[in-house]
Amino acid sequence: MDNTSVTSTTSVTGTSGAAAGEGLLAGKVAFVSGAGRGIGAAAARLFAQEGARVLLAARTEAQLAAVTEEVGAAGGTAEYVVCDLADSASVRAAVDRAVDVFGRLDVAFNNGATIQRPGPMDRMEEADFDQIYDVNLKGVWLAMVAEISAIRATAGTGAVVNNSSVGSLMGNPELPAYGAMKRAVNSLTESAAVTYGPEGIRVNAIAPGNTPTDMISAWEQDSPGLRERLTAHTPLRRAADPREIAQAAAWLLSDRASYVTGTVLRVDGGARA
Ligand SMILES: NC(=O)c1ccc[n+]([C@@H]2O[C@H](COP(=O)([O-])OP(=O)(O)OC[C@H]3O[C@@H](n4cnc5c(N)ncnc54)[C@H](OP(=O)(O)O)[C@@H]3O)[C@@H](O)[C@H]2O)c1
């Protein structure tokens with residue numbers, strides 16, 4: 001695949017009440033990375049339902065097209081762009097696409113990430129470590145820089161939420177590089193909050209716990225019984241629905257969270273309490 005190529009469909013526009021002016025994110029333009037499936041797809045659906053016009057980004061075009069179509073069918077407004085977070089030109093072009101299509105950028109959910117092959121750090125290939133760094137940390141930095149620039153040039157003020165992980169808050173014997181990049185995302189989040197707060201751009205992170213998606217399935221393949229172990233360590237004794245994670249991101253991106261910046265909000269069923 002040409003990582004720098006950017007593809008989009010015509011936008012799917014609906015006429016729901018939310019799009020017309022009601023809803024938590026009414027009137028806002030939102031960029032969502034990793035929006036083809038899992039938590040990002042749930043976020044794209046929810047943000048649109050809450051009145052945002054949404055640009056979905058990820059690498060797999062068929063998944064993006066399906067979620068975009070779904071949003072339109074439900075009365076929301078969405079478009080997608082193919083984007084590889086490991087490619088700087090691709091990330092910049094994807095964020096710029098939000099401004100090209102919708103005329104502005106107000107909020108962004110940097111959700112896209114990949115999981116490492118589970119195992120102790122001494123068995124990890126250097127190339128795998130580099131890949132996790134490229135996508136899960138550098139990709140978030142590249143996206144934030146492009147988003148801050150686009151928000152500043154259009155909406156003027158806005159908000160960014162980075163998707164970290166409850167794994168950023170502890171040792172990760174099975175996912176050491178993943179945990180390290182997520183902890184670094186928390187640091188970038190706090191630094192960005194302090195840097196851009198004076199101009200009215202809020203930056204927060206969420207730290208989800210166990211949410212059954214392809215990412216958890218991939219981890220479980222190498223770690224049988226994972227889901228049961230995670231549930232046993234979660235006081236609410238169940239996994240999250242991806243929409244429950246998206247709800248926290250939506251609130252942090254909304255004006256209801258107008259005095260919240262620089263925080264890493266656990267959305268983990270109490271797993272780290
Ligand atoms: N599921 C959990 O229990 C859990 C817990 C804590 C934190 N999280 C975090 O939640 C976020 C979403 O994860 P998920 O569970 O929804 O996983 P998922 O279902 O595997 O979705 C990951 C999304 O990220 C995209 N992505 C991966 N690599 C990419 C790249 N190089 N460039 C652009 N997009 C890329 C994927 O699309 P393509 O492959 O098509 O690019 C996909 O849309 C991640 O940041 C993850 O670390 C998840």
Side-chain angles (χ1 to χ4, degrees), residues 8-58 63-81 94-95 97-112 143-144 147-148 150-152 154-163 200-206 208 211 213 240-261 263 265 267:
S8 64
T9 58
T10 52
S11 65
V12 179
T13 308
T15 54
S16 70
E22 301 155 21
L24 203 55
L25 298 172
K28 296 190 191 297
V29 171
F31 175 83
V32 180
S33 72
R37 59 177 187 266
I39 294 167
R45 292 185 196 103
L46 177 67
F47 294 1
Q49 210 180 340
E50 292 291 350
R53 289 172 286 161
V54 185
L55 186 71
L56 295 80
Q63 293 184 344
L64 292 169
V67 180
T68 301
E69 201 61 44
E70 225 184 291
V71 168
T77 300
E79 184 161 334
Y80 71 81
V81 59
V95 173
R97 184 86 187 137
V99 178
D100 293 344
V101 173
F102 297 123
R104 59 190 285 140
L105 183 68
D106 299 88
V107 298
F109 183 33
N110 295 315
N111 161 81
M144 271 207 294
E147 290 153 4
I148 298 291
I151 290 170
R152 192 188 269 149
T154 59
T157 60
V160 174
V161 169
N162 296 321
N163 202 346
I201 299 174
R202 297 182 298 104
V203 186
N204 292 289
I206 56 170
T211 312
T213 63
D241 185 290
R243 193 175 166 91
E244 293 177 286
I245 308 300
Q247 290 282 5
W251 175 73
L252 282 169
L253 290 173
S254 80
D255 296 342
R256 302 261 182 95
S258 53
Y259 203 58
V260 182
T261 196
T263 197
L265 177 63
V267 192

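Each residue takes its place number in the sequence, starting with 1.
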If you compare all heavy atoms of [X] against all heavy atoms of [Y], which two are closest, and at what distance to 0.1 Å?
X	Y	answer
Ala30	Ala52	CB-CB, 4.2 Å
Asp106	Gly27	OD1-O, 4.2 Å
Gly38	Pro242	O-CB, 4.0 Å
Ala78	Val71	CB-CG1, 3.8 Å
Val54	Ala48	CG2-N, 3.8 Å
Gly36	Ala58	N-CB, 4.3 Å

Set of side chain to side chain contact (heavy atoms under 4.5 Å, CB included) partners for Ala249, sequence neighbours left out | Phe47, Phe109, Val161, Ile206

What residues, two or more places apart in sequence or in another chain, satisfy side chain to side chain contact (heavy atoms under 4.5 Å, CB included) together with Val99?
-> Leu105, Ala150, Thr154

Check step by step if side chain to side chain contact (heavy atoms under 4.5 Å, CB included) holds for Asn204 and Leu265.
-> CA-CA 8 Å; Asn204 292 289; Leu265 177 63; over 6 Å; no

Determine yes or no for a side-chain-to-main-chain donor-acceptor pair under 3.5 angstrom, with [X] supplying the side chain and [Y] the backbone.
X	Y	answer
Asn111	Gly34	yes
Ser33	Ala57	no
Asn110	Ala143	no

With sequence neighbours excluded, tell me which residues meet salt bridge (Lys or Arg N to Asp or Glu O under 4.0 Å) with Asp100.
->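 Residues passing salt bridge (Lys or Arg N to Asp or Glu O under 4.0 Å) with Asp100: none at all.
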
Any side-chain heavy-atom pair from [X] and [Y] closer than 4.5 angstrom?
X	Y	value
Val29	Leu55	no
Val267	Glu244	no
Ile151	Val160	yes

Separation between [atom1] of [X] and [atom2] of [Y], rounded to the nearest 0.5 Å:
X	Y	atom1	atom2	result
Leu25	Arg53	CG	CZ	12.5 Å
Gln247	Leu252	CD	CG	11.5 Å
Leu56	Leu64	CG	CG	6.0 Å
Arg202	Thr263	CZ	OG1	11.0 Å
Ile39	Asn163	CD1	CG	5.5 Å
Ile148	Ile201	CD1	CD1	4.5 Å

For the pair Glu50 and Lys28, find out whether any cationic side-chain nitrogen is under 4.0 Å from an anionic carboxylate oxygen.
-> no

